[in-house]
Amino acid sequence: MKTEYDLFIDGRWIKPGKRFEVQMPYDGSVVGTVPKATQAEVGQAIQAAKKAAPAAARLSSYKRYEVLMKVATLMQQRQEDFARAIASESGKPIKEARVEVSRAVQTLIFSAEEAKRNVGEMIPMDAHPAGADRLGFTLRMPRGVIAAITPFNFPLNLSCHKIGPALAGGNTVVHKPASATPISGYMLAELFAEAGLPAGFLNTVTGSGGEVGDFLVAHPDVSMVTFTGSAEVGKHIRAIAGMKPVTLELGANCGVIVDDDADIELALGRCAAGGFAHSGQVCIHLQRIYAGPKIAADFTDALKARVAKFKIGHPLDEATDVASLIDEANAARVADWIAEAVRNGARTIIGGERVGRATVKPAILADTKPDMKVVAEESFGPLVCVDRYTSLEEAVETINRSRFGLQAGIITRDIQKALWAAQRIECGGVMINDVPMFRVDQMPYGGVKDSGIGREGPKYALAEMTETKTVVINLAGGPK
Ligand code: NAP
């Protein structure tokens with residue numbers, strides 16, 4: 001694996017003034033070094049993207065399709081290299097990192113396909129009394145330079161969710177990956193260069209979110225910001241973006257209802273996966289389980305038995321289920337939140353202890369209260385709170401008692417109950433007979449409330465990343 005990357009600006013690799021080290025969160029070993037860009041260097045990337053924007057807008061849909069497909073093919077061929085890079089920089093177990101790469105390939109393929117479907121619509125002009133003799137239609141125009149700011153937890157796939165649709169829509173991009181996980185972002189830029197993407201269409205820079213990110217967001221030559229990350233940074237971006245369109249894919253404290261009549265085996269398998277994948281560092285991580293009154297006790301015991309079997313270890317070890325959080329500070333934060341909950345009456349069913357550098361043992365908590373951080377805030381750690389509900393109405397109300405609303409789940413054999421709940425839960429997506437963590441990359445995806453604004457999934461992101469232009473032809477002067 002290549003370990004030293006330069007800035008990718010205007011199709012060239014540019015030596016930066018300063019660099020920083022990327023560490024493997026699990027053991028602190030150095031994975032590589034990347035640029036710590038200055039605002040001047042980010043300014044160069046924006047100017048390159050601006051200069052290339054007219055050519056990107058003119059590039060045919062077929063050519064956009066072709067380059068995105070080429071990148072998908074190259075990525076598929078190098079799946080293992082990407083997976084090892086993601087596992088090393090993010091601490092994600094290697095088997096989950098491979099899944100991320102295969103998802104990123106799909107995201108690129110769906111983006112390529114959307115490039116061919118980037119059409120407007122005919123407008124029935126004469127349906128209005130004043131519209132006779134007019135022919136109207138819309139075009140989907142690129143917005144121009146799009147700033148794509150991405151988080152650490154899915155460093156490759158979430159970058160593809162922004163870069164893919166942006167290029168499919170004829171835009172140019174300045175991408176700023178998270179400082180903790182920048183290497184897969186630069187590897188992605190390498191693939192685009194190899195696939196023949198013209199210079200300046202994609203520019204990749206790294207550096208501190210506060211300095212470089214703010215500069216990008218506020219820059220007058222950036223026409224749109226697409227951001228995935230925490231609610232706090234998302235709100236700040238919205239505040240400084242001015243009139244620019246902004247899409248925000250933010251955090252959550254997702255919940256699932258496991259009904260008394262649920263398929264318990266299914267529920268256990270999905271809850272174990274949803275609660276602990278990537279040590280809970282997934283935006284649709286299952287944080288809250290509301291179990292039916294008849295099954296709650298047995299379900300909690302059975303979930304404990306599953307969680308006890310997780311193998312904790314090095315991210316590059318094939319057998320590892322749980323490796324580490326992104327850094328020591330987050331491991332300490334999660335352990336503190338658990339300790340605080342326990343001090344206030346919660347019960348640890350299993351786990352919660354810190355081990356090694358940045359690992360927290362998968363934890364299940366019971367007897368929590370709604371205002372505890374482990375329930376009310378986004379834990380972004382390997383912890384699940386199990387609670388018992390008395391009625392479905394109460395369970396839905398409890399799920400809705402959150403400042404977030406990304407995805408939710410209900411596991412029941414009763415479709416009437418499931419649809420009743422799906423209509424009432426306030427969030428961007430409800431998974432029936434599944435946990436909130438289910439996602440395939442083409443579906444519309446995003447949140448309400450503090451979970452964000454706008455939708456991703458290549459078709460939906462493309463809609464956000466293009467502007468509707470209406471064209472009307474006056475036919476009155478033509479042959480009668
Ligand atoms: P984060 O701290 O908000 O950072 C996300 C990105 O924003 C990073 O590239 C970061 O750069 C940058 N940034 C930080 N401060 C900035 C500023 N002032 N202006 C502009 N950019 C700034 O989030 P994270 O810890 O990487 O990721 C975890 C969060 O992402 C969780 O809340 C999770 O739920 C959310 N998430 C949401 C989704 C979704 O689709 N809804 C998906 C995945 C993750 P630095 O790294 O340099 O600080």
Side-chain angles (χ1 to χ4, degrees), residues 25-26 86-87 90-93 95-97 99-100 151-155 157-158 178 180-181 228-231 250-256 268-289 303-304 306-313 315 320-341 346 348-366 368 372-387 402 404 406-409 431 434-439 451:
Y26 180 78
I86 291 169
S90 76
K92 178 176 288 188
K95 50 194 181 191
E96 289 183 32
V99 175
E100 178 174 351
F152 75 81
N153 62 334
F154 286 85
N157 191 31
L158 296 179
T181 55
T228 300
S230 60
L250 311 177
N253 59 346
C254 299
V256 70
L268 284 168
R270 297 304 296 144
C271 289
F276 303 100
H278 197 10
S279 282
Q281 300 168 112
V282 179
C283 47
I284 36 179
H285 158 235
L286 172 59
Q287 185 168 334
R288 302 180 284 155
I289 298 177
L303 188 62
K304 175 184 175 184
R306 298 230 172 187
V307 169
K309 289 190 188 139
F310 285 142
K311 181 165 180 323
I312 298 174
T320 294
D321 299 307
V322 172
S324 77
L325 283 99
I326 193 62
D327 53 30
E328 288 170 285
N330 273 292
R333 176 188 57 77
V334 171
D336 283 353
W337 285 18
I338 293 173
E340 185 182 285
T348 309
I349 304 290
I350 188 170
E353 309 87 355
R354 282 191 65 182
V355 284
R357 182 175 183 264
T359 301
V360 175
K361 283 192 178 174
I364 302 175
L365 297 185
T368 54
M372 289 176 172
K373 287 193 194 113
V374 289
V375 175
E377 294 304 319
E378 179 180 41
S379 67
F380 229 53
L383 96 88
V384 165
C385 303
V386 188
D387 206 349
S402 167
F404 301 108
L406 191 49
Q407 292 204 147
M431 305 301 117
D434 217 323
V435 286
M437 201 185 68
F438 180 79
R439 179 183 187 187
S451 290

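Only this structure's heavy atoms are used, side chains among them; waters, hydrogens and symmetry mates stay out.
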A.B. asks: How about Arg357 and Glu328: do any of their side-chain heavy atoms sit closer than 4.5 Å?
C.D. replies: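 Counting from C-beta outward, Arg357 and Glu328 do come under 4.5 Å.
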A.B. asks: Less than 6.0 angstrom from the centroid, inside 45 degrees of the normal: does Lys92 satisfy that with respect to the ring of Phe154?
C.D. replies: yes
A.B. asks: What's the shortest heavy-atom distance between Val334 and Gly381, and which atoms?
C.D. replies: CG2-CA, 4.0 Å
A.B. asks: Is the backbone of Leu383 close enough, under 3.5 Å, to the side chain of His285 for a donor and an acceptor to pair up by distance?
C.D. replies: yes
A.B. asks: Please report the shortest heavy-atom distance between Gly352 and Ala363, naming the atom on each side.
C.D. replies: N-CB, 3.5 Å
A.B. asks: If you compare all heavy atoms of Gly255 against all heavy atoms of Pro436, which two are closest, and at what distance to 0.1 Å?
C.D. replies: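 Gly255 and Pro436 have their closest heavy atoms at O-CG, 3.5 Å.
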A.B. asks: Given 3.5 Å as the limit, does a donor-acceptor pair link the side chain of Asn157 with the main chain of Glu100, or not?
C.D. replies: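 Flag not set: sc Asn157 to bb Glu100 has no pair under 3.5 Å.
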A.B. asks: Can you find a heavy atom in the side chain of Cys254 that is under 4.5 Å from one in the side chain of Gln287?
C.D. replies: no
A.B. asks: Between the side chains of Asp336 and Lys373, is the shortest nitrogen-to-carboxylate-oxygen separation below 4.0 Å, so that they form an ion pair?
C.D. replies: no
A.B. asks: Between SG of Cys385 and CZ of Arg288, what distance do you get to the nearest 0.5 Å?
C.D. replies: 9.0 Å
A.B. asks: Run the numbers on Val360 and Val322 for side chain to side chain contact (heavy atoms under 4.5 Å, CB included), then give the verdict.
C.D. replies: CA-CA 9 Å; Val360 175; Val322 172; over 6 Å; no
A.B. asks: Should the heavy atoms of other residues, nucleotides or ligands under 6.0 Å from NZ of Lys95 be counted, would the total exceed 12?
C.D. replies: yes
A.B. asks: Assess the residue pair Gln281 and Phe152 against the criterion (side chain to side chain contact (heavy atoms under 4.5 Å, CB included)); give the C-alpha distance rounded to whole Å, side-chain angles, the decisive distance to 0.1 Å, and a yes or no.
C.D. replies: CA-CA 9 Å; Gln281 300 168 112; Phe152 75 81; 3.5 Å; yes
A.B. asks: Measure across Ser451 and Gly251 and return the closest heavy-atom pair with its distance rounded to 0.1 Å.
C.D. replies: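 That would be OG-O, 2.7 Å.
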A.B. asks: First locate atom CG of Leu365, then atom CD1 of Ile349, and finally report the distance between them rounded to the nearest 0.5 Å.
C.D. replies: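 It comes to 8.0 Å.
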A.B. asks: Enter the distance from Leu250:CG to Leu406:CG here, rounded to the nearest 0.5 Å.
C.D. replies: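 One gets 8.5 Å once the value is rounded to the nearest 0.5 Å.
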A.B. asks: At their closest point, which heavy atom of Ala376 faces which heavy atom of Asn253, and how far apart are they?
C.D. replies: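 Nearest pair, atom of Ala376 first, then Asn253: O-ND2, 3.3 Å.
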A.B. asks: Rounded at 0.5 Å granularity, tell me how far CZ in Arg333 sits from CG in Asp327.
C.D. replies: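 Between Arg333 CZ and Asp327 CG, I get 9.0 Å after rounding to 0.5 Å.
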A.B. asks: How many angstroms lie between atom CG of Leu303 and atom CD1 of Ile350, to the nearest 0.5 angstrom?
C.D. replies: 9.0 Å
A.B. asks: For Gly91 and Ala323, work out which heavy atoms get closest and say how close.
C.D. replies: O-CB, 3.2 Å
A.B. asks: Take Thr359 and Leu325 through the test side chain to side chain contact (heavy atoms under 4.5 Å, CB included) and record every step on the way to the result.
C.D. replies: CA-CA 6 Å; Thr359 301; Leu325 283 99; 5.9 Å; no
A.B. asks: As a quick check of understanding, evaluate side chain to side chain contact (heavy atoms under 4.5 Å, CB included) for Thr181 and Ser90, giving each step before the final call.
C.D. replies: CA-CA 6 Å; Thr181 55; Ser90 76; 3.7 Å; yes
A.B. asks: Could you grab the distance from atom OG of Ser324 to atom CD1 of Ile312, nearest 0.5 Å is fine?
C.D. replies: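 Interatomic distance, Ser324 OG to Ile312 CD1, rounded to 0.5 Å: 11.0 Å.
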A.B. asks: Check whether any side-chain heavy atom of Val307 lies under 4.5 Å from a side-chain heavy atom of Ile364, and answer yes or no.
C.D. replies: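 Sidechains of Ile364 and Val307: in contact.
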A.B. asks: Show me the donor-acceptor pairs, under 3.5 Å and distance only, between side chains in residues 268-278 and residues at least two apart or in other chains.
C.D. replies:
residue: Arg270; atom: NE; partner: Asp434; partner atom: OD1; Å: 2.6
residue: Arg270; atom: NH2; partner: Asp434; partner atom: OD1; Å: 3.1

A.B. asks: When you measure from the side chain of Asp321 to the backbone of Lys311, do you find a donor-acceptor pair of N or O atoms at a distance under 3.5 Å?
C.D. replies: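 Such a contact is found between Asp321 side chain and Lys311 backbone.
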A.B. asks: Check whether Gln407 reaches the backbone of Val435 with its side chain - one donor and one acceptor, N or O, closer than 3.5 Å.
C.D. replies: no
